[in-house]
Number of protein chains: 2
Amino acid sequence: MSRQRTAVRQELAKESAFRSAQEIYARLRSAGNRVGLTTVYRALQALADGGEVDVLRSDDGEAAYRLCSQSHHHHLVCRDCGRTVEVEGRAVERWADQVAGRHGFTGVEHTVEVFGTCADCSA
Amino acid sequence: MSRQRTAVRQELAKESAFRSAQEIYARLRSAGNRVGLTTVYRALQALADGGEVDVLRSDDGEAAYRLCSQSHHHHLVCRDCGRTVEVEGRAVERWADQVAGRHGFTGVEHTVEVFGTCADCSA
DNA sequence: AGTGGAAATGAAAACGGTTGTCACTTTCTC
DNA sequence: GAGAAAGTGACAACCGTTTTCATTTCCACT
Ligand SMILES: [Mn+2]
Ligand SMILES: [Mn+2]
Ligand SMILES: [Zn+2]
Ligand SMILES: [Zn+2]
């Protein structure tokens with residue numbers, strides 16, 4: 001594990017939100033860390049391959065990375081300010097498994113994101 | 001509705017699978033249809049904004065488009081062959097509304113995608 | 001310690017899907 | 001029909017990501 005990869009992992013550990021490679025690169029640099037953008041991409045790729053981080057495609061095509069949390073959960077995101085709440089619920093999990101099983105699908109995974117306007121922003 | 005947009009919609013109607021803008025452009029051209037790639041993108045964008053087509057980000061970052069039925073629904077997608085089943089379920093809808101309301105969020109929307117290996121592909 | 005091969009690094013260039021530009025054409029409205 | 005509004009498309013720009021390749025770092029084994 002090189003200095004740079006360790007730095008990327010540590011940076012990821014600071015926040016539980018999904019963040020882009022470029023954002024992580026910028027933070028590392030502004031913290032005085034000497035690292036190249038290419039290396040950040042490679043580190044994230046390697047961590048994703050090893051199952052240590054989740055990768056998500058945002059709507060604008062940018063990839064977002066997050067350290068894998070042990071418990072499975074979803075996100076409630078404010079459209080205006082971006083505030084994110086981590087949520088979980090048996091109901092969705094069961095529904096996803098059932099609907100997939102009903103159609104003969106195996107190895108089921110799912111993505112669920114809920115969007116809205118948070119209390120602060122609607123005030 | 002221009003000739004080109006009509007052509008894009010008709011092309012989408014030919015198949016129920018998700019297809020990329022470039023693929024639709026290529027099909028239209030090889031069928032002798034005079035249309036520009038930019039226009040195909042704009043037509044798909046307009047159809048998506050109007051809720052007539054679903055947009056999906058594939059893992060490689062390319063956007064995929066498909067005509068969709070007008071009622072709210074979600075997708076069950078085969079990881080291997082891309083086969084897609086439209087599914088719906090009260091359970092998810094209720095869960096999304098509840099979890100958002102519990103955190104004071106309003107104007108709730110959500111995205112739900114279920115992935116797995118379809119029966120054909122696991123055989 | 002010393003050595004050699006494998007792996008990692010990073011600046012720069014290339015890549016590829018998508019979007020912006022702008023002169024031009026088509027369509028709509030009166 | 002005339003003028004306004006919307007749409008078109010070749011081309012260039014954009015931007016996140018990947019490839020390249022010369023250089024550096026790491027590491028297993030003396
Ligand atoms: Mn879940
Ligand atoms: Mn659909
Ligand atoms: Zn907010
Ligand atoms: Zn399949």
Side-chain angles (χ1 to χ4, degrees), chain A residues 1-13 15 17-67 77 82 111 113, chain B residues 1-13 15 17-68 77 82 84 111 113:
Chain A
M1 181 63 53
S2 69
R3 170 179 59 82
Q4 292 90 336
R5 286 194 187 187
T6 304
V8 167
R9 179 150 47 179
Q10 282 179 352
E11 180 56 39
L12 279 173
E15 265 181 73
F18 279 94
R19 286 181 291 163
S20 71
Q22 315 239 10
E23 184 182 333
I24 288 159
Y25 167 71
R27 294 236 183 162
L28 289 176
R29 291 299 289 253
S30 71
N33 227 312
R34 288 193 310 281
V35 62
L37 178 58
T38 313
T39 299
V40 172
Y41 273 109
R42 278 191 289 235
L44 290 170
Q45 192 91 322
L47 289 168
D49 289 346
E52 286 193 68
V53 314
D54 280 334
V55 190
L56 205 64
R57 277 284 166 184
S58 59
D59 281 345
D60 63 358
E62 204 171 8
Y65 304 84
R66 189 192 68 171
L67 265 195
V77 184
T111 64
E113 303 283 337
Chain B
M1 182 63 54
S2 67
R3 169 179 60 81
Q4 292 90 336
R5 284 190 191 189
T6 304
V8 167
R9 181 150 47 179
Q10 282 179 353
E11 180 56 40
L12 279 172
E15 266 182 72
F18 278 92
R19 285 180 292 163
S20 71
Q22 316 240 9
E23 183 183 335
I24 288 159
Y25 167 71
R27 294 236 184 162
L28 289 176
R29 292 298 290 252
S30 71
N33 226 312
R34 289 193 310 282
V35 62
L37 177 58
T38 312
T39 298
V40 171
Y41 273 109
R42 277 192 291 235
L44 290 169
Q45 192 90 325
L47 289 168
D49 289 345
E52 285 193 67
V53 314
D54 279 332
V55 190
L56 209 62
R57 277 285 167 185
S58 59
D59 281 345
D60 63 358
E62 205 172 9
Y65 304 85
R66 193 185 79 156
L67 265 194
C68 90
V77 184
T84 301
T111 64
E113 304 284 335

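Residue numbers begin at 1 in each chain, while the letters A, B, ... track the order of the sequences.
For the pair Met1(A) CE and dC26(D) C1', the interatomic distance rounds to 13 Å; values are reported in whole Å. Rounding to whole angstrom units, CG of residue Asp60(B) and P of dT17(D) are separated by 12 Å. Rounded to whole Å, the distance from CG on Asp49(B) to P on dG7(D) is 12 Å. Between the CG atom of Leu28(B) and the C1' atom of dG9(D) there is a distance of 14 Å, rounded to whole Å. The distance from atom OH of Tyr25(A) to atom P of dT17(D) is 14 Å, rounded to the nearest whole Å. Separating the CD atom of Glu62(B) from the C1' atom of dC15(D) is a distance of 16 Å, rounded to the nearest angstrom. In this entry the distance linking CZ of Arg34(B) with P of dG9(D) reads 9 Å, nearest Å.
Residue contacts for Arg42(A): at a heavy-atom cut-off of 4.0 Å it reaches a base atom on one of the strands shown. Nucleic acid contact class of Gln4(A) (heavy atoms, under 4.0 Å, all strands): sugar-phosphate only.
Residue Leu37(B) is the one, among Ser2(B) and Leu37(B), whose nearest nucleotide of DNA chain C lies closer to the 5' end (criterion: closest heavy atom).
In this structure, OG1 on Thr111(A) lies 11.0 Å from CG on Asp54(A), to the nearest 0.5 angstrom. Taking CZ of Phe18(B) as the reference point, atom CG of Leu56(B) lies at 4.5 Å (rounded to 0.5 Å). Taken from CG in Leu44(B) to CZ in Arg5(B), the straight-line distance is 10.0 Å, to the nearest 0.5 Å. Interatomic distance, Arg29(B) CZ to Asn33(B) CG, rounded to the nearest 0.5 Å: 9.0 Å.
A donor-acceptor contact under 3.5 Å links the side chain of Thr38(B) to the base of dA10(D).
Among dT17(D), dA10(D), dG9(D), the nucleotide with an atom closest to any side-chain atom of Arg29(B) is dA10(D). Of all nucleotides listed (dT20(D), dT17(D), dT8(D)), dT17(D) comes nearest to the side chain of Arg57(A).
In terms of modelled atom types and a separation under 3.5 Å, the side chain of Arg19(B) and the main chain of Glu23(B) share no donor-acceptor contact. Within the 3.5 Å criterion, the main-chain N or O of Arg34(B) finds a donor-acceptor partner in the side chain of Arg3(B).
Chain A approaches DNA chain C within less than 4.0 angstrom (heavy atoms of the protein), and the contacting nucleotides run 5' to 3' from dA8(C) to dA12(C).
Nearest heavy atoms, Ala21(B) versus Val40(B): O-CG1, 3.7 Å.
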